[in-house]
Each structure stands twice: as C-alpha cells, then as structure tokens.
There are 2 protein chains.
Amino acid sequence: MRDAEQTRQKILDMSADEIHKHGFTATSLSSILKRCKVSKGALYHHFPNKMELGYAVFEEIYTPMFLAMWKPAVEVDDPIEGLCQFFKLMSTESSCEEIVCGCPLNNLCQEMSAIDEGFRLRILNMQQQLNQLIAINLQRVSAQLRPDIDFTQVAYFIVASFHGSSSLSKSSQNKDLFTKVINELCQYLENLRNN
Amino acid sequence: MRDAEQTRQKILDMSADEIHKHGFTATSLSSILKRCKVSKGALYHHFPNKMELGYAVFEEIYTPMFLAMWKPAVEVDDPIEGLCQFFKLMSTESSCEEIVCGCPLNNLCQEMSAIDEGFRLRILNMQQQLNQLIAINLQRVSAQLRPDIDFTQVAYFIVASFHGSSSLSKSSQNKDLFTKVINELCQYLENLRNN
DNA sequence: TTTACAACCGACCCCTTGGTCGGTTACAAT
DNA sequence: ATTGTAACCGACCAAGGGGTCGGTTGTAAA
C-alpha cells in the first residue's frame with residue numbers, strides 16, 4: 001500500500017502548523033491540502049471532518065508536545081529552579097516568530113473552548129493533568145517552601161501567568177515583553193521559598 | 001434626519017457584544033444586522049468595511065471601557081489594595097458568562113494583532129498606556145514597596161497574570177478557576193510590600 | 001412647495017468554505 | 001493472472017461570507 005500512516009501524519013503536522021499560525025477557524029482545508037500536496041479525498045479518507053482533524057491535532061500533536069515540555073521542568077530535584085530555567089530557556093531559545101504566535105495549545109483553547117464541547121472537554125482534561133503535575137511536584141518539596149502555600153492555586157497561577165506572558169507578547173507582537181514578564185514570574189517563583 | 005448617531009452607536013454596541021462572544025472573524029455582518037434591525041446599507045453608510053468597524057469598536061467601546069476599569073483601581077491612595085479589590089470585585093460581581101467569555105479586549109488582541117497591522121498598532125498603543133498607568137502609580141508609593149522592584153516589569157506581569165487568569169477560566173469554561181488565580185495574584189501583590 | 005442630500009434599504013455579486021461522491025490506482029492475497 | 005479493497009483523486013455542491021449599487025425615504029433649508 002501507499003504509506004497511509006505517513007500521509008496521515010503529514011496532514012496532521014501541516015495542520016498543526018497552520019492552526020498554530022492562523023487559528024483553527026481561519027485555517028482552510030485547502031491551505032493544508034496545498035502544503036501537503038495531498039488531495040481532499042485523501043484528507044477525508046483519514047478524517048471524517050474538520051473538527052475531528054482538529055481533535056486529532058490537539059491530542060496527537062499539541063498535548064504530547066506540551067506535556068513533554070513541562071514534565072522535565074518540574075520533575076527535577078528543585079522544581080522552582082526547573083521551572084525558572086524552563087521559562088528562561090524558552091525566552092532565549094525560541095525564535096521571535098514562535099513567541100509571537102503564542103502557545104499553540106493556549107491559542108486553540110482560547111479559540112475553541114467556548115464554541116465546541118468536544119474541544120472543551122479535551123482542554124479541561126489536559127488542564128487538570130498539567131495542574132496536578134505541577135502541584136504534586138511543588139508539594140514534594142514543600143519543606144523548602146513557605147508554609148501558607150495552596151499548591152493547586154499556585155500551580156494554576158503559574159500556568160496562567162505563563163500563558164499571560166505569551167499572550168501579551170503575541171498581542172504586541174514583541175518578544176521583549178515575553179522576556180520581561182518571564183523575569184517577574186521567576187522572581188515570584190523564587191519568592192515561594194521560605195527564607 | 002433620522003438619528004444617524006444613534007444608529008451608528010447601536011451598530012457599535014451590538015458589534016462589540018457579538019465580537020466579544022464570537023471573535024472578530026467569526027462574527028458575521030448579517031448577525032449584527034439582524035440584532036440591530038438595521039440594513040446592510042445602513043452599516044456600510046457608517047463604516048467603510050468590516051475592518052474599520054472593528055477598529056471603531058476597539059477605539060470607541062473596548063479601550064475606554066478598559067481604561068475606565070483600571071484607572072480608579074490604581075489611582076487610589078493604596079494602589080496595591082486598589083488592584084486587589086478591583087480583581088476580587090471582578091471575580092465576585094461578574095456573571096459567569098462574562099468571565100467565561102474572557103476579557104473582550106484581550107480576546108480581540110489575541111485574535112487580530114498577528115493578522116492585521118491596524119489592530120496591532122492600536123493594541124500596542126493601548127498596552128503602553130495601561131502599563132504606564134500602573135507603573136507610575138506603583139512608583140508613587142514606592143516607599144511602601146520592596147526596594148528591588150522594576151515597576152514596568154511588575155506592571156506588565158500584573159496585566160499578563162490577569163489576562164492569563166481570564167484566559168484560563170475561558171478555556172476551561174469555569175469561573176472558579178478565575179477566582180483561584182485572582183487570589184494568588186492578590187497574594188503576589190501584597191508581597192510587593194516591604195515588611 | 002420645492003429641492004437637495006444624508007440616511008437607509010435590500011437584491012445581487014463573487015469568492016471561499018467545508019463537505020460529497022463516483023471513479024481510479026496501487027498493492028496484497030489467492 | 002485475478003481479484004478485493006484500502007488509499008487516493010478532484011470536479012462538484014450548497015451555504016455563507018464581505019461588499020456593491022441603484023433606488024427610496026425622511027427632513028432641513030431655501
């Protein structure tokens with residue numbers, strides 16, 4: 001057979017990129033098709049409709065990529081330092097275009113959660129996973145932290161601030177803002193320690 | 001004449017609401033027209049095209065509303081307390097639907113800044129205004145604050161976190177998350193004081 | 001009363017979109 | 001060599017988008 005899995009993957013990858021750049025609704029199937037050099041028939045052979053294609057991108061591309069990013073940052077000996085390094089690495093290593101496009105997953109969440117139930121549930125699930133990941137690992141080193149910490153709350157705050165900084169730099173199309181806000185986020189993190 | 005200004009305003013108001021709910025691109029002129037009970041001719045009499053209508057909503061509705069919200073919160077005797085109260089009021093007083101729709105201005109920024117230069121410039125301008133507003137008022141009470149504070153950076157962080165919390169609750173469609181993150185943001189603010 | 005024009009109307013246009021469907025092609029199994 | 005079928009093709013479709021334009025209506029000024 002012609003390599004079906006490869007075709008599927010190509011569609012998925014290109015879709016992920018197009019959706020990152022233009023958003024889900026604004027991404028047209030024809031633009032994906034053109035980039036893949038694949039026919040519409042092929043696309044609809046692998047995915048029943050656009051929405052399901054979106055779900056697949058969310059589940060098979062964005063979510064794994066996202067968790068693979070956060071996991072090592074937080075499962076390290078000192079998660080506070082791990083997070084700071086992760087954030088700073090992101091602000092130095094990422095290209096300007098990447099930063100300015102925003103976090104692909106966050107973008108998709110913003111756009112789709114209110115519109116489509118299928119997306120909403122997937123998002124909710126992933127959010128809880130991420131929150132637990134962070135909260136548990138902070139709790140693990142709670143001896144080094146201030147006594148009054150609500151771990152779940154702090155975990156949500158970290159994610160919110162990170163996405164906020166990504167959003168800010170996206171809406172101003174200016175990477176420097178990202179760095180600035182990340183700096184302050186790191187200071188907040190350091191302040192969680194008891195001293 | 002039939003009250004032209006009133007017609008224009010009605011179009012603007014309804015557009016603002018539709019755009020808040022569905023985003024700029026996803027908002028169709030026909031849906032606005034239907035709600036206003038105004039003809040397409042009337043709309044195109046007052047606005048040259050959809051983009052300009054968007055600009056008008058941004059400038060005449062969102063921006064003033066936005067600044068009117070933040071200004072009093074920060075120009076009060078104690079801006080730290082002012083901000084905390086503002087945030088908490090927002091989390092208690094706002095309806096669930098409102099919260100879950102996200103900040104209208106932030107939504108529009110996310111959606112349009114990368115796509116359209118006209119929006120980008122307006123957004124940039126407004127962002128700087130807001131940042132200065134906050135930074136100046138924090139600096140005003142710098143005697144009460146920690147000595148190591150970078151006011152611009154902190155101001156951006158506050159806005160980013162606020163929008164982040166709004167985004168988080170939007171993407172999970174859950175108001176409680178908003179309250180949680182706002183709580184942590186207030187704690188961060190209190191921590192800016194020197195003690 | 002006439003006139004001039006801003007304000008408004010809505011049928012129409014073209015374009016793009018997601019989605020369909022009858023047909024073709026490559027390959028594995030028999 | 002034959003056959004069955006997964007994989008793929010692309011012309012076609014209806015719906016909805018933004019935008020146009022010739023025409024009508026209300027009203028203030030002359």
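In what follows, every chain begins at residue 1, and chains take the letters A, B, ... in the order their sequences are listed. Here the structure is a predicted model, which means the values were calculated and not measured.
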For the CD1 atom of B:I158 and the CG atom of B:L189, what is their distance to the nearest 0.5 Å?
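One gets 5.0 Å once the value is rounded to the nearest 0.5 Å.
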Enumerate the residue pairs fulfilling side chain to side chain donor-acceptor pair (under 3.5 Å) with a member in residues 126-136 of chain A, sequence neighbours excluded, ordered by first and then second residue.
A:Q127-B:S171
Between C:dC8, D:dT20, D:dA7, which nucleotide has the shortest distance from any of its atoms to the side chain of B:K40?
D:dT20
For a 4.5 angstrom cut-off between non-hydrogen side-chain atoms, does [X] reach [Y]?
X	Y	value
B:M90	B:M69	yes
B:T25	B:M112	yes
B:Y156	A:S165	no

Rounded to the nearest Å, what distance is computed from the CG atom of residue B:L53 to the C1' atom of nucleotide D:dG19?
13 Å
Between B:H163 and B:C103, what is the shortest heavy-atom contact and its length?
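Shortest heavy-atom contact: NE2-SG, 4.0 Å.
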Main chain of B:F24, side chain of B:K50: is a donor-acceptor contact present, judged purely on distance under 3.5 Å?
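Between the backbone of B:F24 and the side chain of B:K50 there is a qualifying donor-acceptor contact (under 3.5 Å).
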Can you sort out which residues in residues 42-52 of chain A have a heavy atom within less than 4.0 Å of DNA chain C? Ascending by number, please.
A:Y44, A:N49, A:K50
DNA chain C contacts made by residues 20-35 of chain A, counting heavy atoms under 4.0 Å
A:T27, A:S28, A:L29, A:S30
Going by an N to O cut-off under 4.0 Å, is there a salt bridge joining A:D17 and A:K21?
yes
